[in-house]
Each structure stands twice: as structure tokens, then as C-alpha cells.
Visitor: 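One structure, pasted below without further comment.
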Number of protein chains: 2
Amino acid sequence: MNLPILKIEHKCPECGLQKDGFFCCVSDDSLDLFQVTKITNTYPAGSMLFIEGQPANGVYILCQGSVKLYTCSQDGKVVILHIAKPGEILGLSAIVAGGEYEVSAEVLEPCQINFVRRKEFLDLIEKRSDVAMRAVEHLSQQYYDAYDQIRSFGLTNSVAGKLAALMLSWCRDTGNGYGAVRLKLPFTHEEIAEMIGTSRETVTRLLKDFRQDELITLKGSDLLIHDPERLRSVVTRPRGSRARS
Amino acid sequence: MNLPILKIEHKCPECGLQKDGFFCCVSDDSLDLFQVTKITNTYPAGSMLFIEGQPANGVYILCQGSVKLYTCSQDGKVVILHIAKPGEILGLSAIVAGGEYEVSAEVLEPCQINFVRRKEFLDLIEKRSDVAMRAVEHLSQQYYDAYDQIRSFGLTNSVAGKLAALMLSWCRDTGNGYGAVRLKLPFTHEEIAEMIGTSRETVTRLLKDFRQDELITLKGSDLLIHDPERLRSVVTRPRGSRARS
DNA sequence: CGGGCACAGTGATTGCGGTCACATCGTCAT
DNA sequence: ATGACGATGTGACCGCAATCACTGTGCCCG
């Protein structure tokens with residue numbers, strides 16, 4: 001197994017990874033408190049951080065790597081709810097509301113993660129108002145993202161539209177504004193299918209369609225989105241209608 | 001128009017509506033602060049509290065009545081995201097994260113609502129840690145509900161399954177445990193369709209099917225769910241298979 | 001009373017996309 | 001090499017549910 005080398009940072013105050021939007025981007029005092037309660041760990045790809053239904057005994061703050069959050073039904077069907085990036089906190093809503101993790105979390109790319117026990121974390125947001133504010137901000141953002149996904153599922157009338165919407169969200173993450181966007185696809189067709197609630201074969205076919213309509217170029221895992229604007233018109237386009245060549 | 005009589009309660013500390021799970025169920029000190037910043041108002045059915053995309057200038061705390069949260073696409077298709085009940089706070093994530101309301105809110109049943117301006121509310125959760133905690137709890141709950149809806153959209157393979165899942169959520173709200181559940185349907189077929197992302201006709205047909213399969217009895221707006229357990233089996237049942245009579 | 005209107009019920013038609021089945025290709029470990 | 005295995009392509013089939021077009025029903029209001 002080829003493990004990318006992770007440069008572990010044990011001391012939060014000295015951590016160069018802290019950026020805007022990071023959960024751990026709080027006042028120095030709070031960071032000191034955080035520093036003594038956290039447990040730093042690393043995980044290889046494929047590890048499970050937690051599983052749907054398990055008692056939630058703490059939160060995971062993602063320093064490096066990426067994590068897939070998903071849920072699945074009894075018959076094995078999977079829905080990917082979110083791909084977490086560095087700076088995000090996982091399991092927050094679970095330790096507050098449910099007591100059980102409501103989703104499963106699997107490591108996609110090797111991760112460094114800080115774990116904080118449920119009780120200690122709740123103490124932290126109780127005592128430090130800036131941490132509480134960060135928690136509110138992060139939950140609001142997660143909530144917003146969830147609604148975006150519901151919109152995609154409910155309002156888009158064709159699967160092509162859903163795929164186009166998903167690609168546009170990739171553009172937002174990667175894109176440097178407007179114009180063509182080039183990015184590396186870290187997902188298999190199967191995973192893409194699970195994100196938009198369709199079948200693997202349909203994703204394969206749609207990617208072919210998009211190529212033929214010259215919306216995208218796809219070579220291996222290199223995806224080039226020619227024009228986000230044209231993709232946007234696919235999202236709302238009525239079923240079946242295709243660009244005429 | 002027949003307006004049900006709302007008994008308005010202007011003074012939060014004396015409000016008999018406060019119950020567990022209510023956002024306004026906070027310490028006396030916090031409640032006093034809240035009391036001076038809030039603006040109480042009433043709205044008839046059909047009023048719009050706010051509309052998707054508007055700048056979010058405050059939160060609405062629902063004291064009495066019910067509110068429909070929805071979003072719609074350019075071509076007029078609607079998805080109902082949530083039916084808010086007394087005790088809930090609306091627009092919280094918007095004033096924190098986006099600056100714009102991310103959904104539209106329409107009054108279904110006549111409401112009493114307390115409004116608090118954005119800045120004053122942010123001050124409140126900054127200063128009062130118990131209010132901040134309440135905010136975190138409510139956002140967590142909303143987040144959880146949103147994921148439930150995504151699950152319903154993504155994991156259920158038939159529309160019948162989605163409708164059954166929706167009815168089960170009604171049972172959870174109304175039901176006194178197990179066994180048959182009787183409730184009043186405050187929704188039209190069209191609204192039900194918008195909740196589960198299908199067409200009005202399909203809802204009508206499915207309700208007929210459910211009646212024929214003796215899963216439910218429906219007379220006017222009185223809905224009797226005979227056995228939630230049997231409904232649950234519809235949720236996961238493979239497409240097309242129906243109970244044999 | 002008779003229009004107007006929203007909601008509900010129903011048939012006919014059609015096409016999207018799920019599913020099954022199988023071929024291909026690249027990448028491993030042996 | 002070779003075989004195993006996962007990821008992609010691609011064809012054929014067909015069932016569900018969207019859509020269109022009505023009819024029927026209850027309710028309000030002039």
C-alpha cells in the first residue's frame with residue numbers, strides 16, 4: 001500500500017493548517033484548552049471512524065485528508081451525504097442531538113484527525129463562547145449543504161441534471177472563478193452514482209453523453225469542464241432534450 | 001375567512017407554551033434579555049415570513065401555529081423541506097452562515113411569532129452560553145431531519161416507499177407508541193407530492209392503493225394508519241411487489 | 001341558484017432510467 | 001505470463017411514474 005507521507009502536527013497553536021473556516025480557528029485561550037483535551041491520530045484510507053447507529057462518544061476534527069459520510073439501507077443501497085475536507089468537524093450533531101452517530105464515516109485519503117470526547121467537547125462549547133459560535137457556524141453550513149442536496153434530489157427532473165449539479169459543486173470548490181475548470185476526479189462511477197442517487201451504469205452513460213455534447217473532457221481521472229454556464233443549463237433542462245450537434 | 005382565535009402571549013416568562021424542546025426554554029436571565037429584544041406578531045394563513053434569497057435580517061421563533069418551509073426551481077417545481085411546529089426557530093442558519101434566507105417560509109395555520117433582529121440575536125448567543133447551547137441543539141436536530149429526508153429521497157426505490165416513510169414520520173409525531181394511529185391530514189395531495197418529490201396524480205393513486213391493501217383508511221382529511229409495522233415493510237419492499245389480497 | 005375554483009380521481013401514453021448480462025481494460029500479486 | 005479483481009463500457013429489456021387530458025366533487029361567494 002502506498003501511504004502518502006503525512007506530516008503530523010501535534011501542537012494546534014503551531015499548526016500551519018489553521019485557515020479561515022477551520023473549526024479550530026478560535027481564540028488562543030480556547031485553543032490552549034482544546035490542545036489538552038484532544039487526541040491526535042492518523043488513519044489510512046479505508047478506515048471507519050464511526051458507523052451509523054453507534055453511540056456517539058466524541059467528535060472528530062479533520063486536520064488532513066478526506067472522509068466520506070454516508071448512510072445505507074438494509075438491502076445495501078448507499079447514499080453518500082458528504083465528502084468532508086480538512087477543517088471540518090464530524091459527529092457534532094450526533095453528540096448534541098442524538099447520542100448516536102446518524103451516518104457512517106470512512107476515510108478516503110489518509111487522515112490526521114483530532115478526537116475530543118463528548119463530555120469534554122460539550123464543556124468546551126459551554127465555557128468558551130467563541131467555540132460555541134464556531135459550532136453554530138459549522139452546523140449552519142452543514143445544514144445549508146444538506147438542503148442543497150435535497151434540492152438536487154427533489155427539484156432536478158432528470159438524472160443528467162443531478163450529475164450536472166454535482167459537477168457544478170465541484171467547480172465551486174476547485175474553480176478559480178469562471179471559465180473552464182480542470183480537476184482530478186477522486187471518485188469512481190459507483191461513488192458518483194451514490195452521491196446523486198442513481199445507478200453506476202447510468203453515470204457511465206451520462207459521462208459519455210456529456211463528452212459527446214462537448215460539455216466535458218475526461219481522460220482517466222482528469223476531468224475538464226469546458227463551460228460551467230452550459231452545464232448549468234443542463235440542470236434545469238427538461239427531460240430528454242439534448243444539445244443538437 | 002375563519003380565523004381561529006389565537007390567545008397572544010406577550011410576556012415570555014409567563015408563557016404557558018414553553019415546553020421541553022422549545023427554543024425559548026432557557027434560563028430566567030436569558031429569557032429576560034430575550035423578552036426586551038423580541039417583537040411579537042401574528043400572521044394569518046398564507047402569509048410569507050420570508051422568501052428564498054432575501055437578505056436574512058433576523059430569526060422567527062414560532063410560538064403557535066405551523067409554517068411550511070420550501071424551495072422552488074425556476075420552472076415552478078416545489079419541494080417542501082419542513083413543516084415547522086411551535087417551539088422551533090426559523091432562519092437561524094441563514095443569519096449565521098449565508099446572510100440570505102435559503103428557503104421560503106409560508107404560514108399554514110395562523111401563527112404567533114417572535115421576531116429578533118440578526119445582530120441582537122447574535123449578541124444573545126455570544127453572551128449567553130445557554131442560548132448558544134440551545135442554538136446548537138436546534139441546528140443539530142434540523143440537520144438530522146434534513147439527512148432523514150435525503151435518506152428518503154436516495155434510499156427508497158419506489159415512490160410508494162417514500163409515501164410510506166412520510167406517513168411513518170407522521171406516526172412518530174402523533175402516535176402514542178404502537179398500534180393504529182389516527183390523525184388529521186392538514187395537507188392536500190399536491191403538498192404531499194411536494195414533500196416526497198413526486199406528482200399529485202401519483203399521490204392520489206398511491207393513496208388508493210394503500211386503501212385497497214388495507215394499510216390505511218382515509219375519509220375526508222381523517223387518516224387512520226392501521227399498522228405502522230406493515231407500512232414499514234412497504235418502505236423497503238422492492239419495486240412493484242404489492243400485498244396479495 | 002349558478003358560476004367559479006381548488007382539490008380529487010382516473011385513463012392513456014410514453015420515455016427515462018433501473019436492472020441484468022457480458023465484454024473490455026488496467027492494475028495488482030504471485 | 002497469468003489469473004484475479006475492480007472499474008468501465010455497452011446492449012437489450014421493460015416497468016414505474018411523469019405527463020396530458022379529462023371528469024367528478026365539494027365549497028364559497030356574488
Side-chain angles (χ1 to χ4, degrees), chain A residues 1-3 45-46 73 75-79 108 153-164 184-212 216-223 234-242, chain B residues 1-3 45-46 73 75-79 108 152-164 184-212 216 218-223 234-242:
Chain A
M1 200 186 290
N2 55 344
L3 274 180
S73 60
D75 56 343
K77 202 172 180 190
V78 174
V79 176
L108 283 183
F153 273 74
L155 290 180
T156 324
N157 36 20
S158 73
V159 177
K162 291 197 188 95
L163 180 57
K184 264 222 173 302
L185 258 194
F187 309 117
T188 67
H189 291 186
E190 178 114 46
E191 286 172 319
I192 296 173
E194 288 165 355
M195 293 184 206
I196 58 178
T198 184
S199 68
R200 200 261 314 158
E201 295 92 325
T202 300
V203 170
T204 302
R205 279 187 253 266
L206 283 176
L207 287 175
K208 196 178 86 170
D209 289 350
F210 282 11
R211 258 185 298 205
Q212 285 179 351
I216 61 169
T217 306
L218 184 58
K219 196 169 284 178
S221 65
D222 288 312
L223 174 67
V234 175
V235 177
T236 48
R237 179 189 298 167
R239 284 182 165 222
S241 72
R242 284 267 301 282
Chain B
M1 198 186 292
N2 57 345
L3 273 180
S73 58
D75 56 344
K77 203 172 180 189
V78 174
V79 176
L108 282 183
S152 157
F153 273 74
L155 291 180
T156 325
N157 36 21
S158 72
V159 177
K162 291 198 188 100
L163 180 57
K184 263 221 172 307
L185 259 194
F187 308 117
T188 67
H189 291 186
E190 178 112 46
E191 284 172 320
I192 296 173
E194 288 165 355
M195 291 184 207
I196 59 178
T198 184
S199 69
R200 200 259 316 160
E201 296 93 323
T202 301
V203 170
T204 302
R205 279 186 253 265
L206 283 175
L207 287 175
K208 196 177 86 170
D209 289 350
F210 282 11
R211 259 186 297 206
Q212 285 179 352
I216 62 169
L218 185 57
K219 195 169 287 177
S221 65
D222 288 312
L223 174 67
V234 175
V235 177
T236 48
R237 180 188 299 168
R239 285 181 164 224
S241 71
R242 283 267 300 283

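Chain identifiers are assigned alphabetically (A, B, ...) following the order of the sequence lines, protein sequences preceding nucleic acid strands; residue numbering begins at 1 within each chain. Predicted, not measured: the structure shown is a model, and the values here were computed from it.
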Visitor: Who are the side chain to side chain contact (heavy atoms under 4.5 Å, CB included) partners of B/Lys219, not counting sequence neighbours?
Guide: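 Expected list: none.
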
Visitor: I'd like a list of close polar pairs between nucleotides 23-28 of chain C and the protein, N/O only, cut-off under 3.5 Å.
Guide:
none

Visitor: At how many degrees, to 10°, do the end axes of the helix from C/dC1-D/dG30 to C/dT30-D/dA1 meet when each uses five pairs?
Guide: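 Rounded value for the end-axis angle: 40°.
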
Visitor: If you round to the nearest 0.5 Å, how far is OG1 of A/Thr156 from CG of A/Leu163?
Guide: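 Rounded to the nearest 0.5 Å, the CG-OG1 separation comes out at 11.0 Å.
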
Visitor: Got a second to check how far B/Leu218's CG is from B/Phe210's CZ, nearest 0.5 Å?
Guide: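 The CZ atom of B/Phe210 is 11.5 Å from CG of B/Leu218, to the nearest 0.5 Å.
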
Visitor: Could you pull out every donor-acceptor pair under 3.5 Å between side chains of residues 197-207 of chain A and any protein atom, sequence neighbours left out?
Guide:
residue	atom	partner	partner atom	Å
A/Ser199	OG	A/Thr202	N	3.4
A/Ser199	OG	A/Thr202	OG1	2.9
A/Thr204	OG1	A/His189	ND1	3.0
A/Thr204	OG1	A/Arg200	O	3.3

Visitor: Kindly write out the residues that satisfy side-chain hydrogen bond (donor to acceptor under 3.5 Å, both in side chains) with A/Thr217, not counting sequence neighbours, or none if the list is empty.
Guide: A/His226

Visitor: Distance check: side-chain N/O of B/Lys208 vs OP1/OP2 of C/dT10, anything under 4.0 Å?
Guide: yes

Visitor: Check the distance between C/dG18's P and A/Ile196's CD1 and give it to me in whole angstrom.
Guide: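 In whole Å, C/dG18 P lies 9 Å from A/Ile196 CD1.
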
Visitor: Which parts of residues 197-206 of chain A get close to DNA chain C, meaning a heavy atom less than 4.0 angstrom away?
Guide: A/Thr198, A/Ser199, A/Glu201, A/Thr202, A/Arg205

Visitor: Starting at CG of A/Asn157 and ending at P of C/dG15, how long is that distance when rounded to a whole Å?
Guide: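 To the nearest whole Å, that distance equals 16 Å.
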
Visitor: Just jot down the side chain to side chain contact (heavy atoms under 4.5 Å, CB included) partners of A/Lys77, sequence neighbours excluded, or say none.
Guide: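 By the side chain to side chain contact (heavy atoms under 4.5 Å, CB included) rule, A/Lys77 matches A/Ser73, A/Asp75, B/Leu155, B/Asn157.
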
Visitor: For A/Asp209 and D/dG9, give me the distance from atom CG to atom P, rounded to whole Å.
Guide: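 Answer to the nearest Å: 12 Å.
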
Visitor: Once you round it to whole Å, what is the distance between C1' of C/dT10 and CZ of B/Arg211?
Guide: 13 Å

Visitor: So if I take residues 184-195 of chain B and measure heavy-atom distances to DNA chain C, which residues fall below 4.0 Å?
Guide: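 Contacts with DNA chain C under 4.0 Å: B/Thr188, B/His189.
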
Visitor: Considering residues at least two apart in sequence or located in another chain, which fulfil the side chain to side chain contact (heavy atoms under 4.5 Å, CB included) criterion with A/Phe187?
Guide: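 Once residues adjacent in sequence are excluded, the partners of A/Phe187 under the side chain to side chain contact (heavy atoms under 4.5 Å, CB included) criterion are A/Ile83, A/Leu108, A/Trp170, A/Leu185, A/Glu191, A/Ile192, A/Met195.
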
Visitor: Nearest-Å distance, CG (B/Leu218) to P (D/dT25)?
Guide: 17 Å

